[in-house]
Amino acid sequence: MIKSPPQKYNPKQVEEKILKFWAGNEIFKKSIDQRKGCTPYVFLEGPPTANGLPHPGHILTRVMKDLVLRYQTMNGYYILRKAGWDTHGLPVEIEVEKKLGLEDKQAVENFGIKKFNEECKKCVFQYENAWVEMTKRIAFWIDMDNPYITLTNDYIESVWWSLKQAWDKKLLYKGHKVVPYCPRCGTALSAHEISQGYKNVEEPSIFIKFKLKKEDAYFLAWTTTPWTLISNVALAVHPDETYVKIRYNNQILIFAEQRTATILKGQEYELLDGFSGKELEGIEYEPLFDYAKPDKKAWYVVLADFITMDDGTGIVHIAPAFGEDDYNVGKKYDLPVVQLVNPDGTFPDEVKEWKGKFVKDADPSIIEHLQKRGLVEGVHEYKHDYPFCWRCDSPLLYYAMESWFIAMKQVQESLVKNNNQINWYPEHLQQGRFGDFIREVKDWALSRKRYWGTPLPIWTCTDNKCKYEICIGSIKELRELSEKLPEDFELHKPFVDELKIKCPKCKSPMKREEEVIDCWYDSGSAFFAQWHYPFDNKEKFKENFPVDFITEALDQTRGWFYSLLAISTFLFDKYPYKNVLTLGLILDKDGQKMSKSKRNYVDPDIILNKEGADALRWYLVSASAPWMSKRFYEQAVKETLGKFILTFWNSYNFFTTYASLDKFDPKKDIVPYEKRNSLDKWVLSRFNKTIFEVNSFFKKFEIHKAAREIEDFIIEDFSNWYLRRSRKRLWIEEKTSDKLAGYSTMYDVFLGLSKLLAPFIPFITEDIYLNLRTNEMPESVHLCNYIQADDKKINHHLEEGMEKIRALVEAGRALRSKIGIKVRYPLGNAIIVCDKKIEDSIKDLLDLLNEEINVKEITFERDTSKFITKSIKPNYSTLGKRLKEKSKAVVGKIEQMDMKKVYEELIKNKKIVVNIDSEKINLTKVDFEIIETEKEHIARTETEHAILLIDTTITSELKTEGFAREIVRRIQSMRKELDLDVEDRIATQIKVDVDKRAALQDWNDYIKTETRSKDISFTEKPLGKLVKKWKIDELEAEIGISK
RNA sequence: GGGCCAGUAGCUUAGCUUGGUUGGAGCACCCGGCUGAUAACCGGGAGGUCGAGAGUUCGAAUCUCUCCUGGCCCA
C-alpha cells in the first residue's frame, strides 16, 4: 500500500535511511551479481592519490563515475567496479616529513628509511578511511573491499614485469639529462610535476662582461641565474645574426646588432666593427672564476640556433650542467660539464667564497662580487615564470642528472595512432591539448631519488670490469638470483637494496640502482597491474582490456590519461581505453581555483549534512557540461535543493497524500492507458519524450542536457501543469474512474521517474520507489532495468495542441489581468478565432482553458467579424504626399462617405474611385488606415495561432458564483490556519448580508464539497473553533469553523 | 612567450554546429493575481554596448581577424 511520507523533506534523514537499506540488503553487490553473464562494460578507476582529504573536485569525479556506471548497469551491462588506491610517491613522503619534522633527505636517512616507509604506509591508510567515508556518503558504488593498491607486492611485481618489457625492448635507458630538480626534496621532477608549480617571479638579471683573451674587448652576455656563472664554460652566439663591436663609455663591447637600441637606449656610442655570429666561433675569453678545473677545452665562443633576439644581448652564457639547451650545445662541442653545485642546492667547498650557501640565495652576493671587479654592465629586475616544487615550494634548479628514462620518442608514432582510436569527450582534446602533447612527446624521466615508491628493479654488477646490468621482472627471478629471499617480505626500500644478488655473468655482488620510480607509472599500470597480470588472471585481463570508460578531471590529461596510453602503447601497442570523459575543474564562488592557501575551500561535509548528497549530485551534473569548469558553493546547492529536489518531493508528496487517502492500489486500480483523459495522455507523451531525450544525450555524455531535460519535465510539465490541472480530479470524494485514471498516470510517472533519475539521485529515487513498488518488482530501484521510451505513447498532435492551449491560457490570464476582472469571478463566454486545424488540435483540451481563465463556455469562430468592427480612416500623410493640393478636396469627399461601406468596397474591388472636378482619382489600401474596434464587453488578445475574445459581461449569477468562491477561499485559508488534515471534516457557520445569503443558498453544495464541510449554517453570530471577519470587496462576512 | 577552453541581465545559464522575425529561461527585485499548490504557482514590469574593436554579409550573439579578461596546459 502506498504510504504518505512526512511532509517535510529531510535530506540527511532519508539518505541515511537509504544507506542502511542498501547495506542491510547488499543492494550494491546484487546490482553487479544480477548482471553476471551480460555484456561487460569495463570501467577503470583512476586511483585517488592518498595524499590528503577529498575535496569538491574529487566529489565531482566520483559522482560522474557513479552516474555513468549506474546508468550502464541499469541498461544491462556487467560492470566490475574495482576500487583503487594510489599510495606511492612524493606527496605521501612530504606529508610524513611534515608530520615527523624531517627537513630534508639527510634527516630522512638519519631517521631510517625502514621506519620512514612504515610511516608512509600508515599515512596512506589513514587517508583511505576519509575517502571510504566520503565515497559511501555520496553513494559512489565501488568495490572498496577488493581494491587494487599500488604498494602491494602483487601490484609492484606487475609493474616490474612491465619495466622488464621496456628493458627487453631497449626502451629503458640511463641518461644524463638536464632536469628540473628540487634541491630540498633531492629529486628530479617529471614534466607533469613541474607544470604544477610555475610562478611569476621578479629576479635580478645582469649584463655581464667576459674579457676576450687576445684583445682588450668584452663579450656582453645576459643571465637571470648569476649562480650558474660559476660553472660557465662557454658563450654562445647565433650563427646567422649580426654582431657589432662598439666603443661605449671608454670600453669595447661585443653583442648582437639587433639589441643595441634596447641595451643602450639612445646613449652615445661609436660603431667599430660588425660580423656574423659564425665569424666569432672559437674566440677565447677569460673565465670569470677559477674554481672550476675542467678536463676539456673550455671558455670560447660556440654557435647555437636556439638564441633569440627577444631579450638579452644575443650572447648566451653556457653552463651545460644547468640547462637543457646548454647541455645539448655542450655535447656538440664536447665541452666539459662543470657542476659546481651540491645535490642539496648549495655550493661545494671548491667555491670558497660561497661554500655551503644555497645557490639562489647567493645571487646578490655574486652580483656584488662581480660589480667590484667591474664586470657588470647593469642589473635589472626581470619578471618571468619560474618553476617551483609543486609540493615543498622550493625554487627548482635545472640540473644535469643521471636518470632513467623510457624512450617514449621511439614509440611516438604508435602513441599518435592509438590516440586516434580513442573517443574523447570533449572531442577537441584528442587533437588539441593531448594530441599536441604526444606529437611532441619527450622521453619519460622515470626514476626518482626518493624512498617511498616502487623500486627500480635494475641491478648493476659491482665488478668494475663486468658492470653487467640486469632488470628483474618478477619475484621468481628475484628469488633465483638472490642469496636468500625470506618468506615474508615487502618489495620496498630498504629491503630490496639489502638483498644479496649475484651477477649472473661473473658472480660478483650486484647493487641495485637506488631510485624508485615515478608514481604516475604506478597508476598508469593499473589496467594490467590491478589484475596482477601476467602472473594471475590472464583471462580476466583479456576480458577487461581495453577498458570501455574512464573519467577524471582535466588536469589528468597529461597525467593519468597519458601514462595509461604511454604504458599500454609500449607494452601492447594498443589504446588502453575506448572512451575518456574529461571533467572540468571545480572553482570557488568567484571562479577562482580552490586552494588551501586562499581558504576558498568548501567543506563538502557541511553540504552533505544540510542539503544532502542528491542535491549535491544534481547540482554537479546539471550546472554545466561535464567538461566545463563549475563554481561550487553552498548557496548553489541550496538552490538546487529548493528548485528541483523539493519540487520533485512535494509533487510526490501531493500524489501520495491523496493516493493513500483513497487507498489507491496499483495492483487493482490501474486504469488502462486507453481510458485515461487527454491530460493524462499528454503528460505520458511528454514523459516518454523526455526518456528518449535523456538516453540520446547520455550517449554523447551531454549529461547536463539530460539532467535539464528531466528537470524541465518535472517542474514545468509535470508539477506546474499536469498536477496543477489534476488537482480538482483528486479533490472529489468518490473514487471515480477519472480520479483513478489520474492516480494511475501519476503512479506511472513517479515509478518511471524513480528509474529515470536513479543514476542521478540514487537516494530520493530509492525512497520513492520503495513506497511505490509492488511485490513483483525488484527490491531496489537500482536493481531495475533502465526505463526506455514507449514510442506508442508519444503523441505529437496532442503535444502541439497542449502547447497551443497553454499559450491561450497565458494570453487569457494576461488579458484578465489587463481588464481587471479577478480570475476568481467567472465570466460567461470566450471565443477562439482560428482555423479548423487549430480547432481540431485543441478542442479536446478546452476544459483546461475553461478552468484556467474561469469562463463558462468557449466557442470557436473562423473570423472576428461578429465581435470586432473594422473601419477605416484616410491616411492623411500618404494622401498629402501623393495628391498635394488636391488632397484637401479628396479628404473632404471621403469624410462625407459611410466608412463601413468604403471599407467593404475597398476589400471587394481593391480600389475606390473619387470624382473631383470630373477627374477620377483611384484610392487603394495604402491611402487608408484600418481601425479595428472591439464591440462592447469584448476583450481581445492573441497568440501565435489564434485570437482569444472574452465577453466581459458580469451577470448577477456570475457575481454570486464569484462570491461563493471568495467564501470558499476564506474557509480554506482558515482550515490551513487550524492545521487541519486534508480529510478532516468541519462545521461551518457564515454571516453575510440577507440578500447575499439567499443567493449563496444555491451554492451551498459547492461550498460544502470544496471545503469538506459537514454542514453550513447561516447565522447572525457564527461560532466555531476559529471565527474570522472578512472584508470581500465592498461586502463583509464573518465565518466560523470547527472540526 | 605559445596552445586549448570560456566570457550573454546583479547571479546561474539557453541560443553559436547550419547567420535570418523582437536574444529565451531560472534565481533575486517591483506591481498585480491565484492557492488545501511546494523552499509554490500565474500575469505584468524593470534589468542586455551578447567581453572590446574591426571585417565578411542585404543581415552577425552565431562566421573571420585582432585585442582584453579568466581558467587550464605547455615553455
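Residue numbering restarts at 1 for every chain, and letters A, B, ... go by the order of the sequence lines.
Spacing between atom CD1 of A:Ile715 and atom P of B:C42 amounts to 11 Å, rounded to whole angstrom units. Residue A:Ile586 contributes atom CD1, which lies 13 Å from atom C1' of B:G71 at whole-angstrom precision. The distance from atom CZ of A:Arg725 to atom C1' of B:C41 is 12 Å, rounded to the nearest whole Å. Separating the OH atom of A:Tyr825 from the P atom of B:C34 is a distance of 9 Å, rounded to the nearest angstrom. Rounded to an integer number of Å, the gap from CD of A:Glu702 to C1' of B:A14 is 13 Å. The distance between atom CH2 of A:Trp721 and atom P of B:G43, rounded to the nearest whole Å, is 10 Å. Rounded to whole angstrom, the span from the CG atom of A:Leu723 across to the P atom of B:C34 amounts to 22 Å. Across the protein-nucleic acid pair, A:Leu646 atom CG and B:C41 atom P stand 12 Å apart, rounded to whole Å.
Residues satisfying the side chain to side chain contact (heavy atoms under 4.5 Å, CB included) test with A:Asp436, not counting sequence neighbours, are A:Arg439.
Take the nearest nucleotide of RNA chain B for A:Ser719 and for A:Glu966: the residue whose nucleotide is more 5' is A:Glu966. Between A:Leu980 and A:Lys705, the residue anchored nearer the 5' end of RNA chain B, judged by the nucleotide with its closest heavy atom, is A:Lys705.
Here A:Phe654 lies in heavy-atom contact (under 4.0 Å) with sugar-phosphate atoms only. No contact: A:Tyr652 has no heavy atom under 4.0 Å from any strand. Here A:Arg439 lies out of heavy-atom contact (under 4.0 Å) with every strand. At the heavy-atom level, A:Ser629 lies nowhere under 4.0 Å from the strands shown.
A donor-acceptor pair is defined here as one N or O able to donate and one able to accept, closer than 3.5 Å; such a pair exists between the side chain of A:Asn419 and the backbone of A:Gln430. Under the 3.5 Å distance criterion, the side-chain polar atoms of A:Ser563 are matched with a main-chain donor or acceptor of A:Trp520.
Between B:G7 and B:C16, the distance separating the two C1' atoms is 13 Å to the nearest Å. Remark: the separation of the P atoms in B:C27 and B:C42 is 9 Å, to the nearest Å. Across the P atoms, B:G45 and B:G3 are found 47 Å apart, a figure rounded to whole Å. Distance check on atom C1': B:G15 versus B:U22 gives 15 Å, rounded to whole Å. If you take atom C1' in B:C30 and the same atom in B:A46, they sit 7 Å apart, rounded to whole Å. Comparing the same atom, P, in B:A40 and in B:A28 gives a spacing of 7 Å after rounding to whole Å. The separation of B:U66 from B:C72, taken at their C1' atoms, amounts to 23 Å, rounded to a whole angstrom.
Between A:Arg813 and B:G33, a side-chain N or O to OP1/OP2 separation shorter than 4.0 Å is absent. In this structure, A:Lys638 does not reach the B:C11 phosphate: none of its side-chain N or O atoms is under 4.0 Å from OP1 or OP2. Remark: A:Arg816 is not in phosphate contact with B:C42, judged by side-chain N or O atoms under 4.0 Å from OP1 or OP2. Of the side-chain N and O atoms in A:Arg824, one or more sit less than 4.0 angstrom from OP1 or OP2 of B:U35.
Relative orientation of the A:His55 and A:His58 rings is tilted, given thresholds of 30° and 60° on the angle between their planes. Aromatic ring orientation, A:Phe644 versus A:Trp618: parallel (interplanar angle below 30°, classes split at 30° and 60°).
When all heavy atoms are compared, the tightest approach of A:Leu641 to A:Pro11 is CD1-CG, 4.3 Å.
The base of B:C34 does not come close enough to the side chain of A:Arg969 for any donor and acceptor atom to sit less than 3.5 Å apart. Not a single donor-acceptor pair, N or O on each side, falls under 3.5 Å between the base of B:U35 and the side chain of A:Ser973.
Stem analysis of RNA chain B (Watson-Crick or G-U pairs, both distances under 3.5 Å, runs of at least three) returns B:1-7 with B:68-74, B:10-13 with B:24-27, B:29-33 with B:41-45, B:51-55 with B:63-67.
Between A:Phe750 and A:Phe655, the distance from one ring center to the other falls under 6.0 angstrom.
Going from atom CZ of A:Phe654 over to atom CE of A:Met746 covers 6.0 Å, rounded to the nearest 0.5 Å.
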Distance-only donor-acceptor pairs under 3.5 Å for side chains of residues 968-976 of chain A, two or more places apart:
| residue | atom | partner | partner atom | Å |
| --- | --- | --- | --- | --- |
| A:Arg970 | NH1 | A:Glu966 | OE1 | 2.6 |
| A:Gln972 | NE2 | A:Glu1010 | O | 2.9 |
| A:Ser973 | OG | A:Arg970 | O | 3.1 |
| A:Arg975 | NH1 | A:Asp984 | O | 3.1 |
| A:Arg975 | NH1 | A:Thr1011 | O | 2.8 |
| A:Arg975 | NH2 | A:Asp981 | O | 3.0 |
| A:Arg975 | NH2 | A:Val982 | O | 3.4 |
| A:Arg975 | NH2 | A:Asp984 | O | 2.9 |

